[in-house]
Amino acid sequence: MADPSTYRPKPGDIPVDPGVYRFRDKDGRVIYVGKAKSLRSRLSSYFQDITALHPRTRTMVLTGASVEWTVVRNEVEALQLEYSWIKEFDPRFNVKYRDDKSYPYLAVTMGEEFPRAQVMRGAKRKGTRYFGPYAHAWAIRETLDQLLRVFPVRTCSGGVFKRAGQVGRPCLLGYIEKCSAPCVGNVSAEEHREIAEEFCDFMDGNTGRFVKRLEQQMKQASAELDYETAARRRDDIVALRKSLEHSAVVLGDKTDTDVFGVADDDLEAAVQVFHVRGGRVRGQRGWVVDKEAEGDLGLAEVIERLLQQVYGEESGQGVPREVLVPVLPADVDSMAEWLTERRGAQVSLRVPQRGDKKTLMETVTRNATQSLARHKVARAGDLTARSQALQELQEYLDLPQAPLRIECYDVSHVQGTNVVASMVVFEDGLPRKSEYRKFGVRGTRTESGELRLDDTAAMDEVLTRRFRRYLAERENAGDVELDDLDDDAPTSGPIDETTGRPRRFAYPPQLVVVDGGKPQVSAATRALRELGIDDIPVVGLAKRLEEVWVDGDDFPVILPRTSEGLYLLQRVRDEAHRFAISFHRQRRSKSMTVSALDGIPGLGEVKRKALLKHFGSVKKVRAATAEEIREVDGIGPSLAEAIRTHLGQDDAAPAVNLTTGEVLE
């Protein structure tokens, strides 16, 4: 823990203007980002009597080693910069909203030439329209199935779409008129895009004009005695109305609003939001936040952070005309102005006082109350188990502190070919997948010139590459020329302000775990010591008896079978193994599809096909002379020599049976 007085700025040096500030720890990692109307007033409050601070704030100030700030023109700019920095640096002491599930959306990929409607989860992509979120994926598919009668937009994958175009025959949906079949030219790209835009308009809540249009077409067809067309239009109207039945009518037809409800206690708050479009609830979503993450966090601050997260990545179409909240944020005018900028039109931010909107707010709040109760029950055991696991590892392995950050490494290969390695990271006992990294192992040369690719050599190489970057970052991040680094070197950490590029390997772990026994631990420890690192403990977890090997010990540490610490090590080891195997399979599959003739200068696709047609196989091409190769049409003397030279130097890896793993001759 640092003494705050060692990095406290002089009050006279801090401007009184609005701005955004960052606290960093001793490793340069951003641990907290905040904004203030007056930087001098806000920052001075952190360096008052330590005992007067909230426990979480006190921990943050003691963990910090420096503070810096950026002055902006007004509170709206401060809000925007704060959001972008929180997203960029992911500070550990800032509020983190955790989705209580991965919500599915109905997405339309308007950025593609032929837009596709599909179920989509995860981060939102640019150029894609999203509707929802929905509680269940089956609800999206059921709604989509109804609407395809009226809006026959493409729903197939890229491979199916391309294959249908190649054979000139649409899929089943094209035959039953639930797809306009742009793959075979039944409609042009412009006509299909118009269908997709109408589909998006309907999902946005503009439903009335489509129903009226179909009713007019039905009446006109009936008047013309075209009863078959009239019956189809009748069924289309039924399909539209049935799809609308899945969305409850709660407000007037023109209502476009998001309604937030909050339930909280002293430590946590649960938030629910109903997305109302065209008076109907089009989606529902929930989050849980630790209120203690930023000290004595009130509901106004919870709402402010929440609105930043929900609308920070939304396009203008994703921000409604009205946002209803239980409590107004502290700076409501700046927040409303920021939302207006995001939408491109006026946004109203207010607390409902009476009527249907007040009643809906109460419903959303009841959902939040139930969500908080479920979260409390699920989390009680989880927090206890993770804390116990970290304490047990500190005790059994005699570590100086609990291993809050654990890095585990694993090597994967088949008979020494396509050697790769993985690095997985667990923080506070949970996987941090954004920090996972992959390594393509190059191998090391012995004194005799032989290339070593065994497990211990690979482990030595990977640890050396990882911690060499860490040392460079620790010394001076601005002096690292990233262009000179390996192409496959992992990236990690915040953005370097000097180069404007990602900082690599910036933060040390409290424990390094390797998959293996004493040889792997010795190799990993040797790699660290050669770099001058002796303060990071290394252990290995052997699969046979789940023994924990510590460097320098002749006998392994045996953790109790019921130990939470052993269970955590097993999870870390298994995750590293899974990640390494996945990467190895990608490399191996790619190597199976690469021809020995690829990469020869002057040998294009046409000449390559002619060469294989003439000889029948690469093996026969390799055995042929330059004169025999010149007999192929289009291949001259210089190209024939280039082919001979390339194949003579080629040392292809043996083929592998992907099912059994057998190395084939």
Side-chain angles (χ1 to χ4, degrees), residues 102-204 207 210-211 213-214 217-218 221 226 228-247 282-283 586 589-590 592-593 658:
S102 178
Y103 290 93
Y105 286 82
L106 172 54
V108 184
T109 57
M110 299 301 292
E112 298 183 7
E113 181 182 7
F114 297 97
R116 175 191 177 193
Q118 60 181 313
V119 178
M120 194 175 289
R121 298 176 186 263
K124 293 187 176 181
R125 305 174 186 176
K126 189 176 181 180
T128 300
R129 295 283 303 277
Y130 290 87
F131 305 97
Y134 288 75
H136 304 284
W138 58 261
I140 301 178
R141 297 187 180 96
E142 188 173 299
T143 299
L144 189 58
D145 184 63
Q146 295 289 338
L147 294 179
L148 288 179
R149 285 186 54 91
V150 185
F151 308 104
V153 68
R154 167 198 163 205
T155 57
C156 61
S157 65
V160 173
F161 184 85
K162 183 178 180 180
R163 190 158 53 249
Q166 291 172 341
V167 301
R169 189 172 62 249
C171 63
L172 177 62
L173 291 178
Y175 282 112
I176 64 176
E177 299 183 353
K178 284 196 172 183
C179 178
S180 55
C183 54
V184 294
N186 284 5
V187 295
S188 65
E190 293 74 17
E191 291 170 333
H192 183 264
R193 179 168 292 277
E194 184 177 349
I195 295 172
E197 289 174 349
E198 289 188 340
F199 175 79
C200 292
D201 285 345
F202 181 86
M203 293 302 301
D204 266 336
T207 59
F210 295 106
V211 176
R213 186 175 69 183
L214 289 175
Q217 293 175 358
M218 180 183 67
D226 186 358
E228 184 177 349
T229 301
R232 285 201 299 269
R233 295 297 171 265
R234 177 202 62 198
D235 293 341
D236 290 344
I237 294 171
V238 171
L240 288 187
R241 287 176 174 165
K242 188 173 182 180
S243 69
L244 293 174
E245 289 174 0
H246 295 294
S247 306
R282 293 289 185 177
Q586 294 174 8
S589 299
K590 184 177 180 181
M592 295 299 170
T593 60
L658 298 180

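Just so it is clear, the structure is predicted and the values come from calculations on it, not from any experiment. Excluded from the calculations below are hydrogen atoms, water molecules and symmetry mates; all remaining heavy atoms, backbone and side chain alike, are included.
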Of all pairs that satisfy salt bridge (Lys or Arg N to Asp or Glu O under 4.0 Å), the ones with a partner from residues 150-170, not counting sequence neighbours: E112-R154
Within residues 173-200 or reaching into it, pairs that qualify as salt bridge (Lys or Arg N to Asp or Glu O under 4.0 Å) - sequence neighbours excluded: D145-K178, E198-R213
Sequence-distant partners of A189, side-chain contact (heavy atoms from CB on, under 4.5 Å), two or more places apart: E113, F114
Considering all heavy atoms, the nearest L173-T155 contact: CD1-OG1, 3.4 Å
Separation of T109 OG1 from M120 CE (nearest 0.5 Å): 6.5 Å
Sole residue of P115, C179, C200, S180 in side chain to side chain contact (heavy atoms under 4.5 Å, CB included) with I195: S180
Sequence-distant partners of N186, side-chain contact (heavy atoms from CB on, under 4.5 Å), two or more places apart: A181, V184
Residues forming a side-chain contact (heavy atoms from CB on, under 4.5 Å) with A164, sequence neighbours excluded: C183
With V150 via side-chain contact (heavy atoms from CB on, under 4.5 Å) - residues at least two apart: L214, D236, L240
Test side chain to side chain contact (heavy atoms under 4.5 Å, CB included) applied to L106 and F199, step by step: CA-CA 11 Å; L106 172 54; F199 175 79; 3.8 Å; yes
Distance in Å, T128 OG1 paired with R116 CZ, rounded so as to fall on 0.5 Å steps: 11.0 Å
Residue pairs, two or more places apart or on separate chains, that pass ring-ring contact (aromatic ring centres under 6.0 Å, His included) and touch residues 167-196: none
Spacing of CD belonging to Q217 relative to CG belonging to D226, to within rounding of 0.5 Å: 11.5 Å
Residues that E228 engages under salt bridge (Lys or Arg N to Asp or Glu O under 4.0 Å), provided they are two or more places apart: R232
